[in-house]
Amino acid sequence: MSKRLSVILPCYNEEPVIRQSIDRLSGKLASLIDAGTIDADSMIIAIDDGSTDNTWNAIAGIASYNRFVVGIKLTHNVGQQNALIAGLETAIQKDADITITIDADLQDDINAIDKMLELHSQGCEIVYGVRNDRSSDSWFKRVTARMFYNFMKATQAKIIPNHSDYRLMSRRAVELLLAYEERNLFLRGIVPLIGLKSERVYYSRTPRHAGYTKYPLGKMLSFAIEGITSFSVRPIRAIFTVGLAFMFIALSILVYVIVAIIQGRNIPGWASIMLSIWFIGSLILIALGIIGEYVSKIYLESKHRPRYFIDRTTDTDKH
């Protein structure tokens, strides 16, 4: 018996590419339905994450004639991770057996969906789409991505290198994911924690057809900090270790000063004192910043605020 597939498409200011992306995904669903791979009631759930352009009007217009498309408009921008949760919860409500999340720019190869579905039919409940190279990225992005994954590996976080949010999940996997209640979401780290049978599909990523990236340097840095502080307390432990090392250095300097005084040697000391003050001061500020990241997470989690609000859907618009 064919299973119902929901493709989750988070969108933020994707007016230049959204029509082409939905057309390509619709063609992929139609071919899979014709082959008997998925159910005829499969759909594309496009989530407008508070776009400031005409992304929603484009989605609503397409949904009026494209039977595959269900549009959801959030009241304001809540970020890609929360938009994905909104799509996954909608998919469960609409009785999806399988979900696939993918970026709206379709830089990720949609032909990998065939292999994902094949692996799912063999018993895999989570299938990760993994880039086989980063040749389409800039040199800076390749280097920083490598640093990020190496750091996450050092913190023992269960993260899949070169995997974004292109993945297949069974209904059971989605239900287990939704049991995680934290508001500081980093799905690339949470999904592997579910522990169900998983596999990887490798593909090549292509450049954008239109529009611009929604992850400039600032957002990339924020996303990296979110991931690191969500899954490891090692940065705080590192501060403690560095503190012990500096205490040892300070004691060594103290011994040196005492010996120098006993021997009657002149100790100029100005340069070394100033250097020490600035260096230790910067270390203290960095330590406070890291601790602040963790405290802010506790603060946000304690409020239990909703992840998102839905403004309207194409289903309600039709009625």
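Ion pairing of Asp109 with Arg205 is absent here, as no side-chain N (NZ or NE/NH1/NH2) approaches a carboxylate O to less than 4.0 Å. Between Arg4 and Asp41 there is a salt bridge, since a side-chain N of the basic residue sits under 4.0 Å from a carboxylate O of the acidic one. Electrostatic pairing of Asp97 and Arg171 does not count as a salt bridge here, judged by no charged N lying under 4.0 Å from a carboxylate O.
The side chain to side chain contact (heavy atoms under 4.5 Å, CB included) test with Ser170 is passed by exactly one of Lys3, His120, Lys197: His120. Remark: of the listed residues Asn54, Asp49, Asp48, Asp48 is the sole one forming a side chain to side chain donor-acceptor pair (under 3.5 Å) with Ser51. Of the candidates Ile100, Asp39, Leu168, Leu5 forms a side chain to side chain contact (heavy atoms under 4.5 Å, CB included) with just one, namely Ile100.
Tyr166 and Ile110 get closest at one heavy-atom pair: OH-CA, 3.7 Å. Shown here for Ile18 and Ala58, the closest heavy-atom pair between the two residues is CG2-CB, 3.7 Å. For Ala91 against Thr99, the heavy-atom pair with the smallest separation is CB-CG2, 3.7 Å. Shortest non-hydrogen contact noted between Gly36 and Ser2 is O-OG, 2.9 Å. Looking at every heavy atom in both residues, Cys11 comes nearest to Ile59 through SG-CD1, 4.2 Å. Of all heavy-atom pairs between Gly189 and Leu193, the closest is O-CG, 3.4 Å.
Panel note: side chain Thr101, backbone Ile8; no donor-acceptor pair is recorded below 3.5 Å. Between the side chain of Arg307 and the main chain of Glu182, a donor-acceptor pair closer than 3.5 Å is present. Using modelled atom types, one side-chain atom of His163 and one backbone atom of Gly129 make a donor-acceptor pair closer than 3.5 Å. The main-chain N or O of Leu187 is found under 3.5 Å from a side-chain atom of Gln81 such that the two form a donor-acceptor pair. Judged by distance alone, the side chain of Asp103 and the main-chain N or O of Asp105 form no donor-acceptor pair under 3.5 Å. The main-chain N or O of Gly71 is found under 3.5 Å from a side-chain atom of Thr314 such that the two form a donor-acceptor pair. No donor-acceptor pair closer than 3.5 Å links the side chain of Ser198 to the backbone N or O of Val127. A donor-acceptor pair under 3.5 Å links the side-chain atoms of Ser21 to the main chain of Val17, judged by distance alone. Using a distance-only test at 3.5 Å, with no hydrogens or angles considered, no donor-acceptor pair links the side chain of Asn66 to the main chain of Ile62.
Considering only heavy atoms from C-beta on, Thr313 comes within 4.5 Å of Ile310 through its side chain. Side-chain contact between Trp56 and Arg312: present, with at least one pair of heavy atoms (C-beta onward) separated by less than 4.5 Å. Contact of the Leu9 side chain with the Ile47 side chain is not registered, since no non-hydrogen atoms from C-beta on lie closer than 4.5 Å. Considering only heavy atoms from C-beta on, Glu125 comes within 4.5 Å of Arg172 through its side chain. Residues Tyr203 and Arg131 have side chains in contact (heavy-atom distance under 4.5 Å, counting atoms from C-beta outward). No side-chain heavy atom of Val7 sits less than 4.5 Å from a side-chain heavy atom of Phe68.
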Side chain to side chain contact (heavy atoms under 4.5 Å, CB included) between Thr55 and Tyr12: does it pass, once the steps are laid out? CA-CA 7 Å; Thr55 297; Tyr12 178 68; over 6 Å; no

Hey, mind stepping through Glu175 and Ile92 against side chain to side chain contact (heavy atoms under 4.5 Å, CB included) and telling me if it holds? CA-CA 8 Å; Glu175 289 173 342; Ile92 292 297; 4.2 Å; yes

Determine whether Lys115 and Glu118 satisfy the following criterion, salt bridge (Lys or Arg N to Asp or Glu O under 4.0 Å), listing intermediate values before the conclusion. CA-CA 5 Å; Lys115 184 62 177 178; Glu118 180 184 338; 3.6 Å; yes

In sequence, state the C-alpha distance, the side-chain angles, and the governing distance for Met169 and Ile194, and then conclude on side chain to side chain contact (heavy atoms under 4.5 Å, CB included). CA-CA 11 Å; Met169 299 180 71; Ile194 296 173; 3.9 Å; yes

Using the side chain to side chain contact (heavy atoms under 4.5 Å, CB included) rule, take Asp114 and Met116 through it: C-alpha gap first, then chi angles, then the decisive distance, then the call. CA-CA 5 Å; Asp114 299 67; Met116 288 180 171; over 6 Å; no

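Atom CZ of Arg24 sits about 12.5 Å away from atom CG of Leu29, to the nearest 0.5 Å. Ile102 CD1 to Lys28 NZ: the interatomic distance, rounded to the nearest 0.5 Å, is 10.5 Å. Annotation: the span from Ser42 atom OG to Arg67 atom CZ amounts to 9.0 Å, rounded to 0.5 Å. For the atom pair Leu196 CG and Ile126 CD1, the distance stands at 5.0 Å (nearest 0.5 Å). Summarising the geometry, atom CD1 belonging to Ile160 is positioned 11.5 Å from atom CZ belonging to Arg188; distances are rounded to the nearest 0.5 Å. Put simply, CD1 on Ile113 and CG on Asp108 are 10.0 Å apart, with the number rounded to the nearest 0.5 Å.
Follow the hydrophobic side-chain contacts under 4.5 Å out from Phe309 and you never reach Ile72; the two are in separate clusters.
In the displayed structure, Gln122 atom CD is contacted under 6.0 Å by more than 12 heavy atoms of other residues, nucleotides or ligands.
For the residue pair Ser204 and Asn132, a side-chain donor N or O sits within less than 3.5 Å of a side-chain acceptor on the partner.
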